[in-house]
2 protein chains.
Amino acid sequence: MKTVLVIGIGAGNPDHLTLQALKALNRVDVFFLFDKGPAKHGLNDLRRDLCTRLATERPWRLVQADNPERGPDGDSYTGAVAQLNEDKQQVLERLMDQHLADGECAGILVWGDPSLYDSTLRILQAILASGRQVFEYQVIPGISAVQALAASHKVTLNDIGGSVRISPGRQLPTQLAPGESQVVMLDAHQAFERLRGQGLFIWWGAYVGSVDEVLIAGPLDEVADEIIRVREQARMRHGWIMDTYLLRPISRR
Amino acid sequence: MKTVLVIGIGAGNPDHLTLQALKALNRVDVFFLFDKGPAKHGLNDLRRDLCTRLATERPWRLVQADNPERGPDGDSYTGAVAQLNEDKQQVLERLMDQHLADGECAGILVWGDPSLYDSTLRILQAILASGRQVFEYQVIPGISAVQALAASHKVTLNDIGGSVRISPGRQLPTQLAPGESQVVMLDAHQAFERLRGQGLFIWWGAYVGSVDEVLIAGPLDEVADEIIRVREQARMRHGWIMDTYLLRPISRR
């Protein structure tokens with residue numbers, strides 16, 4: 001039997017790693033890394049450093065594969081992601097076929113938490129369903145960017161008795177539901193702009209938890225322009241940006 | 001200056017502790033524990049074990065205080081919680097006044113993540129606002145029961161491009177919004193019952209991450225009665241229950 005460990009490694013701070021993740025790293029025979037292009041080489045360097053520094057109890061090897069890119073959304077974002085996941089599935093199947101022997105253990109390092117806006121679990125389940133690979137797998141939770149954002153801003157995600165909605169930018173409603181706090185991840189288009197003028201407070205952060213962390217908090221109407229400016233500068237400097245934010249009425253701050 | 005570290009310790013598995021939390025434990029001079037009555041002594045025993053086992057780099061002491069209980073909800077759950085938090089604030093102020101010297105560091109261990117359905121941050125901010133104690137504080141994120149649930153069930157919280165709503169039981173809507181996954185924490189009344197007959201799938205767990213973990217997954221209409229039965233048995237056996245669940249249409253399972 002082959003084993004795959006899906007290991008949440010937190011949101012950019014190597015100290016976000018849990019003891020459970022540390023133990024998992026030290027069970028791995030082969031780490032699978034996916035190359036997402038030159039702009040994100042830094043992220044894979046961090047993964048490699050993590051393995052070198054923390055997986056010290058036994059020998060391991062590292063296999064890197066090109067990560068398929070998402071095609072144009074066309075009529076359907078979901079469709080584009082589903083196609084991307086099929087492409088990723090082929091890559092991972094090939095890795096498991098060629099680089100993971102029976103009785104061995106593979107490790108896939110996931111930024112944040114594998115349960116939130118990550119496709120690794122869906123892809124593994126599709127491989128299992130295809131019957132083309134037989135393996136068992138385990139999921140090790142990690143600190144998500146949402147939690148790192150809240151911790152850095154020292155703010156709770158919910159207010160008393162309230163709900164929290166976590167959405168990708170394109171699902172951000174034009175108004176928050178009463179009693180609800182709204183978290184946005186994966187927002188390529190600064191969707192918060194459409195909520196100006198509603199008395200909201202925003203806690204915004206990019207690269208949260210990492211040494212490059214940038215934080216801005218304030219009434220949305222007052223800080224939106226600053227966030228847009230800082231966000232663009234950071235995106236230019238790093239070649240990519242990962243930002244997250246929390247919105248709630250100022251009255252329930 | 002006094003320092004308070006609010007340390008997320010994860011959802012019941014001692015290995016959920018992050019390296020950041022481990023370092024924080026080893027900065028603490030005094031741990032503040034809150035006694036929530038005999039039924040929950042086991043939880044404080046776990047906290048105490050954690051300190052003894054992991055805070056080994058320097059001497060520390062432990063101060064325990066009775067935790068105020070929430071009064072009847074009366075007209076307002078939020079009001080009852082706000083009153084409870086005022087009571088807790090008094091207790092914590094007294095601890096900081098009598099048991100934390102200038103230059104010292106206090107540690108408060110929070111189950112799960114301090115940003116999700118926990119009042120410690122709100123209470124510290126109220127103390128700071130009162131001006132009766134001067135201190136700095138830091139938040140160390142932890143693995144929440146939501147993440148432990150998802151990891152144990154090997155399921156993602158969102159589906160592709162979708163949103164996730166995290167609510168206390170009393171905020172569970174009678175219907176899920178399209179494209180939304182629903183997580184429920186703090187549900188004393190099995191609110192999922194009111195969503196029977198809607199083609200939903202449920203991933204349910206109690207004491208997730210701990211050695212007492214119980215998991216049930218299936219179509220809600222088929223497993224609801226089993227969950228109610230297992231939940232009641234577990235509550236009787238442990239004297240308390242902490243359960244969490246995820247709901248999503250079977251079609252988007």
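Numbered from 1 within each chain, the chains take letters A, B, ... in sequence-line order.
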Inset, instruction - Kindly say whether A/Asp159 contributes a backbone atom to a donor-acceptor pair with the side chain of B/Tyr117 at under 3.5 angstrom? - result: no

Legend entry - A/Leu116 side chain reached by B/Thr156 side chain, heavy atoms, under 4.5 Å: no

Legend entry - Separation between CG of A/Leu157 and CG of B/Asp118, rounded to the nearest 0.5 Å: 11.5 Å

Legend entry - Heavy-atom pairs under 4.5 Å with chain A, option from B/Lys23, B/His153, B/Arg165 with the top count: B/Arg165

Legend entry - Pairwise distance CG(A/Leu186) to CG(B/Asn158) - rounded to 0.5 angstrom: 8.5 Å

Inset, instruction - Would you give the length of the straight line joining atom OG of B/Ser163 to atom CZ of A/Arg170, rounded to the nearest 0.5 angstrom? - result: 11.5 Å

Legend entry - Contacting region of B/Val164 [heavy-atom separation from chain A under 4.5 Å]: both

Legend entry - Polar side-chain atom of B/Asp15 near backbone of A/Leu19 as donor-acceptor pair, under 3.5 Å: no

Legend entry - Residues from residues 143-151 of chain B approaching chain A under 4.5 Å (heavy atoms): B/Ile143, B/Ser144, B/Gln147, B/Ala150, B/Ala151

Inset, instruction - With a 4.5 Å cut-off on heavy-atom pairs, point out which of B/Gly162, B/Ser152, B/Pro114 contacts chain A the most. - result: B/Gly162

Inset, instruction - Among B/Glu180, B/Gln138, B/Gln125, single out the residue with the greatest number of heavy-atom pairs under 4.5 Å to chain A. - result: B/Glu180

Inset, instruction - Hey, could you give me the CG/CG distance between B/Leu22 and A/Leu22, rounded to the nearest 0.5 Å? - result: 9.5 Å

Legend entry - Interface residue of largest heavy-atom contact number with chain A, from B/Ser115, B/Gly161, B/Pro14, under 4.5 Å: B/Ser115

Inset, instruction - For chain A, find which of B/Ser167, B/Pro141, B/Gly10 contributes the most heavy-atom pairs closer than 4.5 angstrom. - result: B/Pro141

Legend entry - Enclosure of B/Arg48 CZ (heavy-atom neighbours >12, cutoff 6.0 Å): yes

Inset, instruction - Would you check, one step at a time, whether the test side-chain contact (heavy atoms from CB on, under 4.5 Å) holds for B/Asn85 with A/Ile160? - result: CA-CA 10 Å; B/Asn85 285 350; A/Ile160 295 175; 3.9 Å; yes

Inset, instruction - Side-chain contact test, heavy atoms from C-beta onward, threshold under 4.5 Å: evaluate it for A/Leu17 versus B/Gln20 and give yes or no. - result: no

Legend entry - Check: A/Lys154 and B/Val6 side chains under 4.5 Å, non-hydrogen atoms: no

Inset, instruction - Decide if atom CZ of A/Arg253 counts as having more than 12 heavy atoms of other residues, nucleotides or ligands within a radius under 6.0 Å. - result: no

